[in-house]
Novice: 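The following block contains the structure, expressed as structure tokens.
FYI, side chains are in, hydrogens and waters are out, and symmetry mates aren't considered; it's all heavy atoms of this structure. Letters A, B, ... are given to chains in the order of the sequence lines, protein chains preceding strands, and every chain is numbered from 1.
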Amino acid sequence: MSFREPHELHKRRSGRNIGLGLVLAAFVAIVFGMTVVKVTRGDMEPPRATPTPQEAGS
Amino acid sequence: MSDASINTQANDGEAGFGDYFALLKPRVMSLVVFTALVGLLAAPVGVHPMIAFASVLFIAVGGGASGALNMWWDADIDQVMKRTASRPVPSGRVTADEALAIGLTLSAFAVVMLWLASNAVAAGLLAFTIFFYAVVYTMWLKRWTPQNIVIGGAAGAFPPMIGWAVATGGISLESVLMFALVFMWTPPHFWALALFMNSDYEKAGVPMLTVTHGRRSTRVHILVYTILLAPLAIGAGFTAIGGPIYLTVSAVLNGLFLLGAVKIWRRDEDVAGADNYRTEKSFFGLSLLYLFLHFGAILAEAALRPFGMGGW
């Protein structure tokens, strides 16, 4: 059984799909990285309305 | 159904990934990335490397998006000019509608993502930059006034300011000076190009200074803008982004740039035509080096600062 040589058009389409896939994967990685940085730095914590007892005492 | 008929049907709108990437003007994007990164690193506030990387990437995507919008609007004149005829839209590889859709989507995406990654000031500046380049420059000024390059140059001057805003969350004298450096550099850079690519703009009906006011006037304009640029570029060396390295580099480059501008001013068309615009072409080449080395020097000052060497 022999497969036909893929046409140039299919190669182009496949290249486009792979490219888009890589872009999406990179986007996921960037959003994940940004989230990790922001969460570990405490950027995502909601502001406290009232001071803690330690803060009030100092 | 034969192979031939399948291919005829499927060939419409089957651009490759590279064609879509070319829509974002990668060469312009590389300048955006470089100047935005310098603006970000020269700022007195440190930024986490991950946030810095993501922010510069989103600034670049925003710049690319405005490039796609520019290609959508300018497809008719791009087709006429030799320099731009092979771009994805005029060459037919990507449709104008696709360019518009990609441009609008990526613009919104870049602004929102930059806001999430950094702050509202940086995102607002990016949104304004895209608006300025796509609407004020491309749709309005470019085909209307020979000062198109001067005012439109502001769009290319914003990235270092955006980079600075990513770090500091605001605008300051230093970031305005980086903006001014690119802003004042743009007219002599493009007019030198227009001097030896004149027939292209004339054919497309773009009111370049060379077409509307003649080449003599363009040569005078190049000299005047270069004279105005020099004190501004050197003056930035005395602020927080400057230092001995920047000042030395800037003094040398401005000396050479002024010399080139004087040479261009003294030449007439017969002399320029005889040596195939050698002086104009070398001035254009120098202008690229001029901007790269100025921002490279700002970067060097910032990089040496932690070791107690950069800056004043």
Novice: Under 4.5 Å heavy-atom distance to chain A, tell me which part of B:Phe21 shows up: side chain, backbone, both or neither.
Specialist: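 Nothing of B:Phe21, per the 4.5 Å heavy-atom cut-off to chain A.
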
Novice: So, taking the atom named CZ in A:Arg16 and the one named CG in B:Asp19, what distance separates them when rounded to the nearest 0.5 Å?
Specialist: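 With rounding to 0.5 Å, CZ (A:Arg16) is 9.5 Å from CG (B:Asp19).
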
Novice: Report the residue from A:Asn17, A:Leu22, A:Val23, A:Ile18 that forms a side-chain contact (heavy atoms from CB on, under 4.5 Å) with B:Phe17.
Specialist: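 It is A:Val23; the other options fail the test.
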
Novice: Indicate yes or no: at least one non-hydrogen side-chain atom of B:Tyr20 is less than 4.5 angstrom from one of A:Leu20.
Specialist: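 No, every pair of side-chain atoms sits at 4.5 Å or beyond.
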
Novice: Nearest 0.5 Å, what's the OG1-CE distance between A:Thr40 and B:Met50?
Specialist: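 The distance works out to 11.5 Å.
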
Novice: Name the region of A:Lys11, side chain, backbone, both or neither, that has any atom closer than 4.5 Å to a heavy atom of chain B.
Specialist: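 No part of A:Lys11 comes within 4.5 Å of chain B.
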
Novice: Please report the shortest heavy-atom distance between B:Leu116 and A:Lys38, naming the atom on each side.
Specialist: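 Shortest heavy-atom separation between B:Leu116 and A:Lys38 comes out as O-CE, 3.1 Å.
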
Novice: State the CE-OG distance between A:Met34 and B:Ser118, to the nearest 0.5 angstrom.
Specialist: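 Taking CE in A:Met34 and OG in B:Ser118, the distance rounds to 8.5 Å.
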
